[in-house]
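To start, the structure itself, in structure tokens.
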Amino acid sequence: MKDFIYHSVKDIKEARKLASSSSVFLAGGMTTIPSMKLGLASYKDIIDIKGIKKLSGIKVSGKTLIIGATTKHAEVAKSKDVKKTIPSLAKLAEGIGDPQVRNRGTIGGSIANNDPSADYPSACIALNALICTNNRKIDASKFFRGTFETALKKGELIEAIEFEIPDKSSYQKHPNPASRYAVVGVYVAKRKRNVNVAVTGAKSCVYNEENIASALAKDFSASAVNKVKVTSSGMNADIHASAEYRASLVSTYAKKAVEAC
Ligand SMILES: Cc1cc2nc3c(=O)[nH]c(=O)nc-3n(C[C@H](O)[C@H](O)[C@H](O)COP(=O)(O)OP(=O)(O)OC[C@H]3O[C@@H](n4cnc5c(N)ncnc54)[C@H](O)[C@@H]3O)c2cc1C
């Protein structure tokens, strides 16, 4: 690991002031530390944001659930507010990694990292989330741009994520047995005006499976999913699953999610 300067900051202004093209924010460190140890990444300045009180916590405001960026997965999993308003989100958090990862990893770190197999990006798309940064609110549909790529500018800090509370929702995933990352994960959220079907793990980036979503908007049933052909074109293929298997998992887990709703 190359030399770096560690900064523990107490407010957003200080974090922003230190941010540069050769810095990284340290939230849970669950991605940053292994990447540095493996020599895959190196930084001049490590800006530890865990001490910024304003970035952590969960609250409900009308039809919106707001989760601070440094809130840990374990906190989301056990939160009464999350369980009451969007129980599927608490279940998603409970299924991330192992207890160590859930007690260090944060929602903001997961979203900023945008691993193509991460769970939270699917929640952001399905639940019409707004990603609130130090200077703007970004619609989730414009935030996740590609593999490990987001709309964040260098040094831009996520402060919170605002989730629209749906009428019904469910997240179902086929986990990698070692890491628990999603081989394929499907988040279905239903509201009076529409249905979202966000898929993670299947392609290079999270996406909304429009064909299943519009079939479900007309007929919210597992049999409606059966009528939609999910094509394997553009799907990931690796040692865990072929593109064709992933396509079939999208249908299977969309049906499971609808049934669980
Ligand atoms: C063994 C293992 C198993 C895992 N299993 C799963 C799984 O099943 N599902 C899943 O979804 N994930 C999984 N993860 C990922 C994990 O849950 C973390 O969410 C993820 O590693 C990043 O979060 P972090 O808080 O640790 O971020 P860090 O590692 O601290 O930071 C990661 C990146 O995000 C940036 N960042 C962090 N916070 C902010 C912020 N507030 N604003 C802007 N940028 C920010 C940092 O600059 C850095 O580039 C796993 C990780 C490990 C190590």
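Whatever order the structure lists ligands and atoms in, that order sets their numbers, starting from 1.
Proximity of F220 to V258: side-chain heavy atoms (C-beta onward) are separated by under 4.5 Å at one or more points. With a 4.5 Å cut-off on side-chain heavy atoms, E162 and K137 count as touching. By the 4.5 Å heavy-atom criterion applied to side chains, V199 and M235 are not counted as neighbours. D119 places none of its side-chain heavy atoms less than 4.5 Å from the side chain of H73. By the 4.5 Å heavy-atom criterion applied to side chains, Q172 and V186 are not counted as neighbours. Contact check for S117 versus N176: no side-chain heavy atoms found under the 4.5 Å cut-off. I165 has its side chain within reach of V60: a pair of non-hydrogen atoms, C-beta onward, lies under 4.5 Å apart.
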* Kindly indicate, with the supporting measurements, whether the criterion side chain to side chain contact (heavy atoms under 4.5 Å, CB included) is fulfilled by E156 and R136. => CA-CA 10 Å; E156 191 170 4; R136 57 185 173 146; 2.7 Å; yes
* Asked: Going through the distances and angles, do N134 and E159 end up as a side chain to side chain contact (heavy atoms under 4.5 Å, CB included)?
  -> CA-CA 6 Å; N134 55 290; E159 295 189 3; 3.7 Å; yes
* I would like to know whether K72 and N103 meet side chain to side chain donor-acceptor pair (under 3.5 Å); could you show each step before the answer? => CA-CA 6 Å; K72 292 172 187 152; N103 282 285; over 6 Å; no
* To do: Start with the C-alpha distance between S141 and D139, add both sets of side-chain angles, then the distance that settles side chain to side chain donor-acceptor pair (under 3.5 Å), and finish with yes or no.
  => CA-CA 5 Å; S141 62; D139 198 296; 2.8 Å; yes
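With respect to atom 49 (O) of ligand 1, the closest heavy atom belonging to the protein is V24 CG2, 3.7 Å. Scanning the protein heavy atoms around atom 25 (O) of ligand 1, the nearest turns out to be T106 OG1, 2.6 Å. Counting protein heavy atoms only, atom 14 (N) of ligand 1 is closest to Y181 OH, 3.0 Å. Shortest contact from atom 40 (C) of ligand 1 to any protein heavy atom: I158 N, 3.8 Å. Considering only non-hydrogen protein atoms, atom 53 (C) of ligand 1 sits nearest to M30 O, 3.5 Å.
The G105 neighbourhood of ligand 1 comprises atoms 25 (O), 26 (O), with distances under 4.0 Å to a heavy atom of that residue. Of all the atoms in ligand 1, the ones that sit under 4.0 Å from a non-hydrogen atom of G28 are 24 (P), 25 (O), 26 (O), 27 (O), 30 (O). Interface of S179 with ligand 1, defined as ligand atoms under 4.0 Å from a residue heavy atom, comprises 3 (C), 4 (C), 5 (N), 8 (O). Taking every heavy atom of T31 and a limit of under 4.0 angstrom, the matching atoms of ligand 1 come to 20 (C), 21 (O), 22 (C), 26 (O), 29 (O). Numbered from 1 in the order shown, with element, the atoms of ligand 1 that lie under 4.0 Å from a heavy atom of V101 read 1 (C), 2 (C), 3 (C), 16 (C), 17 (O), 50 (C), 51 (C), 52 (C). The atoms of ligand 1 that sit less than 4.0 Å from any heavy atom of A112 are 34 (O), 35 (C), 36 (N), 44 (N), 45 (C). Ligand 1 places these atoms under 4.0 Å from at least one heavy atom of T32: 28 (P), 29 (O), 30 (O), 31 (O), 32 (C), 48 (C). Within ligand 1, counting atoms from 1 as listed, the ones closer than 4.0 Å to a heavy atom of E156 are 43 (C).
Of the listed residues (G109, G108, G29), the one carrying the non-hydrogen atom nearest atom 30 (O) of ligand 1 is G29. Heavy-atom proximity to atom 11 (O) of ligand 1, evaluated over D119, T200, T150, L26, is greatest for D119. Between atom 46 (C) of ligand 1 and the options Y43, Y120, F25, F148, the minimum heavy-atom separation is to F25. Among R180, R102, H73, the residue whose heavy atom sits closest to atom 18 (C) of ligand 1 is H73. Considering A27, A160, S23 only, the shortest heavy-atom separation from atom 38 (N) of ligand 1 involves A27.
Contacts between I49 and ligand 1, counted as non-hydrogen atom pairs separated by less than 4.0 Å, involve the side chain only. Neither the backbone nor the side chain of Q100 comes within contact range of ligand 1; no heavy atom lies under 4.0 Å. Counting heavy atoms closer than 4.0 Å to ligand 1, residue S110 contributes atoms from both its backbone and its side chain.
Within the structure, ligand 1 lacks M36 among the residues with a heavy atom less than 4.0 angstrom away.
Using a 4.0 Å cut-off between a side-chain N of Lys or Arg and a carboxylate O of Asp or Glu, K50 and D48 qualify as a salt bridge.
A 6.0 Å sphere centred on CZ of R191 holds more than 12 heavy atoms belonging to other residues, nucleotides or ligands.
In terms of N/O distances under 3.5 Å, ligand 1 is not approached by L152.
Taking the six-membered ring for Trp and thresholds of 30 and 60 degrees, Y245 and H174 have ring planes more than 60 degrees apart, a perpendicular arrangement.
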